[in-house]
Each structure stands twice: as C-alpha cells, then as structure tokens.
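As the structure lists them, so they are numbered: ligands from 1, and atoms in each ligand from 1. Computed from a prediction, not measured in an experiment: that's the story for all the values here. Just the heavy atoms: all of them, side chains too, but no hydrogens, waters or symmetry mates, feed the values below.
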Amino acid sequence: MSSSRPHHMTDTHEVMNQPAPRGDLDLWEGDPALRDHAGAADGAHLGQYGRKIGRLAMREAAMEANRHPPEAQLFDTGGRRLDEVTYHPTYHMLMQAGLGAGYAALPWEGATGGHSTHAAMVYMTSQVEPGVCCPMTMTYAAVPALRASRPLFDEWVPKLTARLYDPAVAPLARKAAATLGMALTEKQGGSDLGGTTTTAVRDGDAYRLRGHKWFCSAPMSDGFVTLAQAPGGLTAFLVPRWPEGTRNNIHILRLKNKLGNRSNALAEIEYADALAYPLGDEGDGIRRVIKMIHHTRLDTALAPAGLMRAALGAAHHWCAHRSVAGAQLIDQPLMRSVLADLALDWEGALALGMAVARAFDGSGERDRAFARLGVALAKFLGNRLCPTVVGEAMECLGGMGYIEDTGLPLLYREAPLNSIWEGSGNVICLDILRTLRSVPAAGEVLSDMLAQVTGEYRRYDAALRAHMGRFPRLPEEGQARWYASSLATLLTASVLIRGAPPAIAEAYIATRLAGERGSVPGAIAGVDTAAILARLG
Ligand SMILES: Cc1cc2nc3c(=O)[nH]c(=O)nc-3n(C[C@H](O)[C@H](O)[C@H](O)COP(=O)(O)OP(=O)(O)OC[C@H]3O[C@@H](n4cnc5c(N)ncnc54)[C@H](O)[C@@H]3O)c2cc1C
C-alpha cells in the first residue's frame with residue numbers, strides 16, 4: 001500500500017466511521033499476555049521477531065501469497081518429468097523470515113527455553129501467514145526423528161537448522177539449508193498408519209519405495225519422513241527429493257484444492273521405486289515417526305492461539321474505532337461481553353500452549369511425561385475453540401469481517417485445520433486416555449499441577465472435585481471428549497491461576513468451570529471486561 005494518505009472525500013460523500021488500517025504491529029510488545037506466559041523464552045529475540053513479522057509489509061505479503069497459490073509444474077515443455085511446485089515470491093520471503101530467525105533451529109541450538117522461543121514464534125507467525133508454518137514446523141520436528149540414524153542426522157540436521165532458507169532444486173550437499181516434510185497419510189486411512197500399503201525393498205544400503213501418499217504438504221521440501229512396509233514390518237524412511245545427479249522417483253500427481261492454508265501446497269504423490277534411507281530398524285516405524293509428530297503437535301497447539309489472537313486484535317481495533325448509534329462499539333456493554341468472552345479462550349489457549357512448551361524444554365522424566373499428555377490436551381481444546389472464536393471475531397467487524405482485505409477470511413479458513421492434522425480431535429482424545437493408562441508419570445504430574453493451585457479460588461477447587469467425582473477412573477471411549485475437555489479446561493485454569501492477572505483467572509474459572517456462562521459466546525456476566533480487554537493490547 002502506498003504511504004501517501006488516501007482522500008477522505010469521494011465524488012459523492014465523505015468517508016466516515018471506517019477504522020483506519022492498523023499499520024505496523026509489534027507482536028511482542030503489543031501482546032502483554034504473550035510476555036506474561038513466555039516463561040524462559042528468549043524475550044529479546046522474540047521482541048525483534050515480533051516487530052519484524054508484524055509489519056504491515058509482512059501482512060500484505062501474506063495476503064499476496066494467499067492470493068497466488070502454488071502451481072504444479074509436473075513436466076517441462078518437452079514432456080520430461082519435473083515434479084516441481086512453484087510458489088509466489090512472497091511465500092519464499094516469509095519462509096526466509098521465519099527460518100532465518102531460527103524457527104526450525106532454535107530448539108536444537110542448546111539455549112535455555114529454545115522450544116518456548118520456537119512456540120512463541122509459531123504463535124506470532126500464525127497471526128501473519130499460517131501457510132508457511134507448515135513446512136517450517138515439519139523441518140523443526142524432523143530433527144528428533146533423524147536421531148534414529150547417525151549418518152542421516154549428521155548429513156541433514158546442520159542444513160535443517162542452518163537459520164537459512166534455500167529453495168534451490170539441488171542435492172543436499174550443494175544447498176546452504178534444507179527443509180523436510182512428512183508424508184504418511186494414504187488413501188485408505190491417515191489415523192490408522194498401521195494400514196500403510198507402500199512397500200519397501202532393499203537396494204544395497206538403501207531401499208526402494210513403491211506406493212502412494214494421499215496428503216503430502218510442502219512437496220518442494222528437500223525430503224520427506226515417510227512410512228513403508230519393509231520385510232520386517234512398518235518402517236520409517238527418509239526419502240530425499242533431489243539425490244546427487246538425478247531426481248528421485250517421487251511423482252506429484254496433482255495439488256489438492258484446499259479450503260485454506262492456500263499459500264502452501266498440498267500434493268498427492270506416488271513413490272515409483274523411490275530411493276529411501278531407513279530411520280531405525282525395520283518394524284520400528286510408528287515409534288520413529290511419533291517422535292516427529294510429538295513435535296508438530298506442539299505447533300498445532302500454539303497456532304490456534306495465534307489465529308485467535310490475530311482475529312481478536314482485528315476485532316478489538318475495529319470496535320475501538322467504529323461507532324454505532326452514537327457510541328463506540330468498544331464501549332457498548334454487549335460487545336464488551338462478546339470480546340471479553342472470546343479473549344478468555346484465546347489467553348487460555350496461549351497460556352496452556354506455552355506451559356506445554358516449557359515441558360518440551362525440560363529434560364527429566366516428569367517433563368517428558370507431561371509434554372506428551374499436555375500437548376494433546378492443548379491441541380484438543382485450543383483447536384475446538386478456534387473456529388468459533390475466529391468466526392465471532394469476524395462478526396464484530398460486521399459485514400467488513402467477511403471481506404478478504406480485512407484478513408479475517410484468511411484466518412477463518414485456517415481455523416479448523418490444526419485440529420485435523422497431526423491427530424484429529426477424536427484420535428487425540430483417545431491418545432490422552434492411552435497416555436494416562438501407559439505413562440503413570442503423566443497422570444501424576446497432571447494431578448500435581450491441578451492440586452498445587454487449590455486453596456486460592458473456591459470455585460476452581462469445587463470444579464476439580466466435581467471432575468474427580470464424575471471421572472473416578474478413566475472413562476470408556478465414548479466419553480473421551482467430555483473427559484479431555486474437562487481436564488484441559490481445568491489445566492488451563494490452573495495455568496492461568498499461576499501466570500495471568502487475577503481478574504483473568506477469576507473470569508475464566510467463573511465462566512468455564514463454575515457455570516456462569518450461557519451456551520453461546522458472549523453469554524456471560526459479572527466479569528471484569530476492562531481487565532480482560534486490556535490483554536488485547
Ligand atoms: C491441509 C492438509 C494438509 C495435510 N498434510 C499432510 C502431510 O503433509 N502429511 C501427511 O501425512 N498427512 C497430511 N494431512 C492428512 C492428515 O494428517 C489426515 O487427514 C488426518 O490424519 C486424518 O486422517 P484421514 O483423513 O485418513 O481420516 P480418518 O483416519 O479416516 O479419520 C476420519 C475421522 O475419524 C476419526 N477417528 C479416527 N479413529 C477414530 C476412533 N477410533 N474413534 C473415533 N473416531 C475416530 C478421526 O478423528 C477423524 O475425525 C493433511 C491434511 C490436510 C487437511
């Protein structure tokens with residue numbers, strides 16, 4: 001957008017009561033809730049990144065990247081296979097901004113709070129352009145999966161964590177940096193990876209894969225972590241995209257036409273005897289890829305908090321500068337109830353996500369156990385709330401919320417996605433039950449966290465007792481959502497009691513645990529709306 005001011009007068013009327021565009025945003029300084037919940041994250045780094053990624057130019061680039069989705073270039077003019085995808089230049093610029101700032105590298109560089117810093121970057125980047133988060137997140141999360149093979153780890157990890165972005169179509173050795181994707185889902189089922197039909201046969205030190213993957217995001221990644229049936233059972237592999245001197249036999253069939261996440265590509269692919277290297281032993285595949293999925297899940301827990309934050313920031317700005325019937329919307333009691341209620345879901349998701357990221361930064365058994373359980377609880381609850389919060393925030397702008405220029409439609413299209421991938425809602429709830437059954441330390445840490453904050457808020461204590469009364473033991477599968485949402489809400493309240501201003505914790509407990517809320521957003525009373533809205537910056 002040009003820097004010269006637009007005319008307020010058109011030929012026929014003066015433009016009034018239309019809020020001015022928001023200009024540059026500081027996603028760190030302007031977000032007191034993030035700073036409160038960031039824990040050991042690197043505030044100086046986040047300050048720099050938040051200022052950069054929140055600039056108007058970045059947000060405009062994000063819109064551009066979504067207006068010009070990627071295109072498949074399957075063949076060259078002469079009909080020779082290319083199997084490439086071209087992206088808009090703004091997509092590359094945003095990838096450079098994130099990877100260059102250490103999005104994929106920071107947690108593996110050994111500094112204190114690396115996963116927390118990364119998690120806050122996911123939260124901030126999701127506010128601007130969620131599409132690039134997908135390839136950057138997979139690159140971050142691939143590192144633990146590569147630990148299964150020392151040679152592959154040594155060859156790939158320095159390039160994945162180089163704090164650079166290099167989109168060249170070239171073998172790894174000739175690139176300054178690389179990205180990795182994850183191709184697991186096949187046509188017959190994504191939740192049940194045990195049913196994978198792709199086969200792997202030995203070829204010297206490597207293998208040849210034959211089969212398909214029905215969902216493969218970021219197909220221009222330099223390689224994919226994937227699963228195939230080897231003679232010894234389901235096995236994890238790394239499939240390089242551009243081996244030395246040739247293109248691997250990874251054929252892109254077409255790009256899927258998605259609801260949102262439009263700057264990013266999603267391909268259907270076939271492995272036609274594609275070269276692949278094993279990650280761990282034959283038959284150990286699920287255990288290997290779970291290490292990657294565990295880390296992508298952290299990002300799917302923070303992304304909805306970012307989407308909610310972006311939508312609420314836009315709604316708050318609009319209401320502060322728009323009047324209806326002679327009063328600013330932000331001063332109208334019902335609008336305050338709506339915004340405050342939505343803001344509680346956003347801050348709850350942010351606080352819980354960052355608490356889980358702290359466990360990723362820990363190294364003890366209790367941290368590991370809580371990370372596994374907590375990430376599932378946070379992913380489940382945050383993503384259940386996100387579409388409703390974004391949709392309601394959109395309505396706060398009236399008709400303009402439905403218009404692309406405001407950015408709300410981009411957020412709305414993105415809102416359901418983080419619930420679907422990396423374990424859909426039901427799968428996550430069943431995983432929560434499985435973890436509580438198989439990892440006793442997870443339940444112990446959770447119980448301790450919930451118990452440690454009792455005695456401060458009578459209604460929290462009562463809600464905790466009610467939960468334990470309703471679920472004296474793990475429920476049967478049919479009640480897993482009820483159980484998971486109850487537990488995740490209690491855990492969120494406990495995290496807010498620890499880290500948020502008392503008015504926020506009080507309001508969250510009253511409305512989410514003590515029944516002082518109707519069945520639709522905004523149906524609340526008796527909360528300190530001024531304190532809650534102040535969190536929106
Ligand atoms: C935009 C996008 C990008 C994607 N990118 C990738 C990618 O890069 N790589 C990749 O591998 N995959 C990718 N996926 C696929 C995604 O991970 C899967 O769609 C997801 O895991 C669900 O698998 P499915 O579609 O086969 O559904 P199913 O496995 O058929 O599940 C359907 C529904 O049944 C539910 N369900 C499953 N089991 C149970 C049960 N026991 N009890 C009750 N309910 C159950 C699930 O929660 C889900 O709601 C992507 C998906 C999307 C939308």
Side-chain angles (χ1 to χ4, degrees), residues 66 69-70 85 126 130-142 145 179-198 209 211-228 234 236-239 241 250 252-271 285-286 288-290 292-297 299-300 303-304 307 376 379-380 383-384 387 410 413-434 475-484:
N66 281 271
V85 176
S126 300
V132 292
C133 289
C134 165
M136 298 197 297
T137 283
M138 291 193 289
T139 301
Y140 147 71
T179 58
L180 275 185
M182 177 169 63
L184 306 178
T185 307
E186 296 186 354
K187 286 178 181 158
Q188 71 283 351
S191 306
D192 182 10
L193 294 174
T196 297
T197 61
T198 297
L209 304 193
H212 79 285
K213 298 294 164 184
W214 183 223
F215 285 82
C216 174
S217 285
M220 286 302 277
S221 301
D222 295 286
F224 306 114
V225 172
T226 200
L227 280 173
L234 195 56
F237 292 94
L238 193 155
V239 197
R241 197 82 159 75
I250 303 170
I252 294 177
L253 304 183
R254 62 176 167 174
L255 299 186
K256 284 194 193 292
N257 185 8
K258 299 178 258 105
L259 168 66
N261 203 256
R262 295 188 72 82
S263 67
N264 186 24
L266 169 61
E268 298 165 15
I269 62 168
E270 278 184 353
Y271 298 132
I286 297 283
R288 295 295 171 190
V289 298
I290 285 290
M292 182 165 180
I293 293 171
H294 177 57
H295 288 81
T296 55
R297 278 187 185 168
D299 293 15
T300 61
L307 298 174
K379 179 183 190 304
F380 179 65
N383 284 301
R384 290 271 70 72
L410 186 156
R413 285 191 292 269
E414 190 75 15
L417 179 54
N418 288 286
S419 185
I420 294 174
W421 58 19
E422 314 312 318
S424 307
N426 288 357
V427 172
I428 290 290
C429 289
L430 297 176
D431 190 53
I432 288 166
L433 298 188
R434 202 173 307 117
E476 50 94 12
E477 280 191 12
Q479 291 183 39
R481 274 190 181 229
W482 190 350
Y483 179 76

Colleague: Under 4.0 Å from a heavy atom of Ile420: give me the atoms of ligand 1 that qualify, with their elements.
Modeller: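 Those qualifying, in numeric order: 20 (C).
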Colleague: What protein heavy atom is closest to atom 50 (C) of ligand 1, reported as residue, atom name and distance in Å?
Modeller: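 Checked against all protein heavy atoms, atom 50 (C) of ligand 1 sits closest to Phe215 CD2, 3.4 Å.
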Colleague: Counting only heavy atoms on the protein side, is anything nearer than 4.0 Å to atom 32 (C) of ligand 1?
Modeller: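 No, there is none.
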Colleague: For ligand 1, which atoms, with element, lie under 4.0 Å from some heavy atom of Cys216?
Modeller: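 Checking each atom against Cys216, I get 8 (O).
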Colleague: Check whether any side-chain heavy atom of Thr226 lies under 4.5 Å from a side-chain heavy atom of Thr198, and answer yes or no.
Modeller: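 Thr226 vs Thr198: side chains apart.
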Colleague: Determine whether any protein heavy atom is located less than 4.0 Å from atom 37 (C) of ligand 1.
Modeller: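 Answer yes: something from the protein, a heavy atom, is under 4.0 Å.
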Colleague: Would you mind reporting whether Met182 and Ile293 have side-chain heavy atoms less than 4.5 Å apart?
Modeller: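 Yes; the side chains approach each other to less than 4.5 Å.
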Colleague: Could you tell me which atoms of ligand 1, counted from 1 in the order shown, lie closer than 4.0 angstrom to a heavy atom of Asn426?
Modeller: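 It comes down to these atoms of ligand 1: 43 (C), 44 (N), 45 (C), 47 (O).
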Colleague: In terms of residue, atom name and distance, what is the protein heavy atom nearest to atom 9 (N) of ligand 1?
Modeller: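 Minimum-distance protein heavy atom for atom 9 (N) of ligand 1 reads Met182 O, 2.7 Å.
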Colleague: Among protein heavy atoms, which lies nearest atom 16 (C) of ligand 1, and at what distance?
Modeller: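 Of every protein heavy atom, Thr185 OG1, 3.8 Å lies nearest to atom 16 (C) of ligand 1.
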Colleague: Kindly indicate whether the side chain of Met220, heavy atoms from C-beta on, has any atom under 4.5 Å from the side chain of Thr179.
Modeller: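 Heavy-atom side-chain distance check fails, nothing below 4.5 Å.
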Colleague: May I ask you to identify, for Leu184, whether its side chain, its backbone, both or neither come under 4.0 Å of ligand 1 on a heavy-atom basis?
Modeller: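 Near ligand 1, Leu184 shows its backbone as well as its side chain.
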Colleague: Check each atom of ligand 1 against the heavy atoms of Gly189 and keep those under 4.0 Å away; list them by number with element.
Modeller: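 Contacts of ligand 1 toward Gly189, numbered from 1: 26 (O).
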Colleague: With backbone taken as N, CA, C and O and side chain as the heavy atoms from C-beta onward, which portion of Cys134 lies under 4.0 Å from ligand 1: side chain, backbone, both, or neither?
Modeller: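 Within the 4.0 Å criterion, Cys134 makes no contact with ligand 1.
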Colleague: Should Arg297 and Asp431 count as an ion pair when the cut-off is N to O under 4.0 Å?
Modeller: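 Looking at Arg297 and Asp431, the cut-off is met.
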Colleague: Is the closest side-chain heavy-atom distance between Leu307 and Pro130 below 4.5 Å?
Modeller: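 With C-beta onward as the side chain, the pair touches.
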Colleague: Does ligand 1 have an atom under 4.0 Å from some heavy atom of Gly181?
Modeller: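 No, Gly181 has no heavy atom closer than 4.0 Å to ligand 1.
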Colleague: Which residue owns the protein heavy atom closest to atom 8 (O) of ligand 1, what's the atom, and how far is it?
Modeller: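 Of every protein heavy atom, Ser217 N, 2.8 Å lies nearest to atom 8 (O) of ligand 1.
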Colleague: So does Lys213 pair up with Glu268, basic N to acidic O under 4.0 Å?
Modeller: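 Judged by the 4.0 Å cut-off on N to carboxylate O distance, Lys213 and Glu268 do not form a salt bridge.
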Colleague: Distance from Ser217 atom OG to Met138 atom CE, nearest 0.5 Å?
Modeller: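 Ser217 atom OG to Met138 atom CE measures 5.5 Å (nearest 0.5 Å).
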Colleague: Of the protein's non-hydrogen atoms, which lies at the shortest distance from atom 42 (N) of ligand 1, and what is that distance?
Modeller: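 So the nearest neighbour among protein heavy atoms is Leu430 CD1, 3.7 Å.
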Colleague: Specify whether the nearest protein heavy atom to atom 28 (P) of ligand 1 is under 4.0 angstrom away.
Modeller: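 Yes, there is one.
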Colleague: Taking the non-hydrogen atoms of Asn261, is any one of them nearer than 4.0 angstrom to ligand 1?
Modeller: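 Distance cut 4.0 Å: Asn261 fails for ligand 1.
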Colleague: Given side chains that start at C-beta, do those of Arg481 and Phe380 come closer than 4.5 Å, heavy atoms only?
Modeller: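 They are in side-chain contact.
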Colleague: For a 4.5 angstrom cut-off between non-hydrogen side-chain atoms, does Phe237 reach Leu227?
Modeller: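 A side-chain contact is absent here, since even the closest heavy-atom pair is not under 4.5 Å.
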Colleague: Could you tell me whether the side chain of Thr137 reaches within less than 4.5 Å of the side chain of Thr300, counting heavy atoms only?
Modeller: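 No. Closest side-chain heavy atoms not under 4.5 Å.
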